[in-house]
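Structure, as structure tokens:
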Amino acid sequence: MASKPGLVHTQDTAKSEGRRYWLMKTEPDVFSIDDLKKNKTTLWEGVRNYQARNHLTSMKVGDQILLYHSSAEVIGVAGLGEISKEAIPDPAQFDKKSEYYEPAATKEKPRWFCPEVRFVEKFKTVVTLEQIKDDPALADMLVIKRGQRLSVQPVEKKDFDHIIKMARK
DNA sequence: GCCAACGTTGGC
DNA sequence: GCCAACGTTGGC
């Protein structure tokens with residue numbers, strides 16, 4: 001029987017098929033890679049931007065995350081995470097005391113959602129924004145695009161892999 | 001602290 | 001639907 005080379009699945013490719021890659025920003029003063037390492041997992045609460053929300057709700061278990069420190073002493077990718085649970089309604093939107101309270105949201109019609117992120121790895125040294133900007137191979141990354149403020153961004157696999165290579169150097 | 005870039009709100 | 005005013009993000 002003729003086989004189509006493109007459709008031959010090793011277990012590994014089967015597992016990683018459809019896996020996607022993301023960059024998620026966090027301010028380390030608020031929640032850092034060290035906090036995630038300590039907690040093991042976290043609900044990614046507080047995202048209040050529709051485009052970012054749409055990314056969050058499309059994430060699947062196993063999707064890989066670049067954890068990016070913004071507004072930090074050392075700005076850049078600090079480590080890796082992965083999606084451990086798909087998005088649920090963000091509990092903070094129902095909490096009147098929370099800065100993320102959303103008056104327009106109801107339990108029946110939640111507005112904001114958050115997945116659970118699991119700690120994977122803290123890089124020995126941060127792959128800095130400057131390094132990313134200086135590397136022509138990463139020229140397409142959204143994070144270095146002018147005016148790009150989205151706190152949840154899709155990342156190409158090649159860029160994800162390249163960042164990891166830089167971190168291991 | 002500055003400010004460019006962007007998103008949201010609300011009057012019309 | 002337009003758009004001015006305002007708020008936020010985030011690097012510098």
Side-chain angles (χ1 to χ4, degrees), chain A residues 20-39 41-59 63-83 87-117 119-156 158-167 169:
Chain A
R20 289 191 290 172
Y21 302 85
W22 309 92
L23 179 147
M24 295 170 89
K25 296 181 187 174
T26 181
E27 296 186 23
D29 291 348
V30 180
F31 188 84
S32 72
I33 186 88
D34 291 319
D35 295 321
L36 183 59
K37 184 175 185 179
K38 192 168 54 182
N39 296 358
T41 65
T42 190
L43 273 181
W44 207 263
E45 293 178 89
V47 173
R48 296 293 180 265
N49 169 285
Y50 289 102
Q51 207 181 336
R53 178 196 70 180
N54 294 342
H55 289 320
L56 291 178
T57 53
S58 77
M59 291 176 174
D63 280 6
Q64 303 292 298
I65 312 296
L66 297 175
L67 292 158
Y68 178 91
H69 281 174
S70 64
S71 299
E73 206 165 315
V74 183
I75 296 167
V77 179
L80 304 175
E82 71 175 2
I83 297 299
I88 61 166
D90 183 338
Q93 71 193 303
F94 306 122
D95 178 2
K96 284 201 170 77
K97 303 262 172 54
S98 171
E99 61 173 314
Y100 301 124
Y101 178 60
E102 171 60 69
T106 64
K107 301 263 179 178
E108 293 72 33
K109 272 200 112 183
R111 179 167 297 190
W112 305 113
F113 296 84
C114 53
E116 186 188 78
V117 176
F119 174 80
V120 171
E121 175 182 340
K122 178 186 177 182
F123 291 157
K124 283 206 180 68
T125 58
V126 173
V127 177
T128 65
L129 178 59
E130 200 180 4
Q131 284 176 273
I132 295 172
K133 282 180 175 169
D134 285 347
D135 195 326
L138 300 175
D140 289 336
M141 284 195 80
L142 291 177
V143 74
I144 55 172
K145 290 266 154 58
R146 183 181 166 80
Q148 177 56 264
R149 302 180 313 176
L150 253 198
S151 65
V152 180
Q153 310 180 348
V155 171
E156 300 285 334
K158 70 172 174 63
D159 294 336
F160 183 88
D161 292 341
H162 194 85
I163 294 275
I164 290 178
K165 221 182 289 172
M166 291 166 81
K169 224 176 257 169

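If you're wondering where the values come from, they're calculated on a predicted model, not measured in any experiment. Throughout, protein chains are lettered first and strands after them, A, B, ... in sequence-line order, and every chain is numbered starting at 1.
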Exercise for the section: Using the six-membered ring wherever Trp is involved, compare the ring planes of Phe31(A) and Trp44(A) and label them parallel, tilted or perpendicular (cut-offs 30° and 60°). Expected result: perpendicular

Show me the donor-acceptor pairs within less than 3.5 Å that the side chains of residues 68-82 of chain A make with the rest of the protein, sequence neighbours left out.
from     : atom 1 : to        : atom 2 : distance (Å)
His69(A) : NE2    : Ile33(A)  : N      : 3.1
Glu82(A) : OE1    : Gln64(A)  : NE2    : 3.1
Glu82(A) : OE2    : Arg118(A) : NH1    : 2.4

Problem - Partner set under salt bridge (Lys or Arg N to Asp or Glu O under 4.0 Å) for Asp34(A), not counting sequence neighbours - result: Lys122(A)

Practice task
Look only at the side chain of Asp90(A) and the backbone of Cys114(A), and say whether a donor-acceptor pair between them is shorter than 3.5 Å.
Solution key: no

Practice task
Round to the nearest Å and state the distance from Leu23(A) atom CG to dG10(C) atom P.
Solution key: 10 Å

Practice task
Determine: side-chain N/O of Lys25(A) to OP1/OP2 of dT9(C), distance under 4.0 Å, yes or no.
Solution key: no

Exercise for the section: Please state how far atom CD in Gln148(A) lies from atom C1' in dT9(C), giving the value in whole angstrom units. Expected result: 11 Å

Fill in the blank from the handout: With the side chain defined as heavy atoms from C-beta on, Tyr68(A) is closest, among dT8(B), dG10(C), dG11(C), to dG11(C)

Completion exercise
Rounded to whole Å, OH of Tyr50(A) lies from C1' of dT9(C) at a distance of 18 Å

Exercise for the section: Give Lys145(A) one of three labels, base, sugar-phosphate or nothing, depending on what nucleic acid heavy atoms sit under 4.0 Å from its own. Expected result: nothing

Exercise for the section: For Ile144(A) and dG10(C), give me the distance from atom CD1 to atom P, rounded to whole Å. Expected result: 16 Å

Problem - Among dG10(C), dC6(B), dG11(C), the nucleotide that comes nearest once only the side chain of Arg149(A) is considered - result: dC6(B)

Practice task
Using atom CZ of Arg53(A) as one end and atom P of dG7(B) as the other, report the distance to the nearest whole Å.
Solution key: 15 Å

Fill in the blank from the handout: Rounded to whole Å, CD1 of Ile132(A) lies from P of dG11(C) at a distance of 10 Å

Practice task
Mind calculating the distance between CZ (Arg48(A)) and P (dT9(B)) to the nearest angstrom?
Solution key: 13 Å

Fill in the blank from the handout: Atom CG of Asn49(A) and atom P of dC6(B) are separated, to the nearest Å, by 13 Å

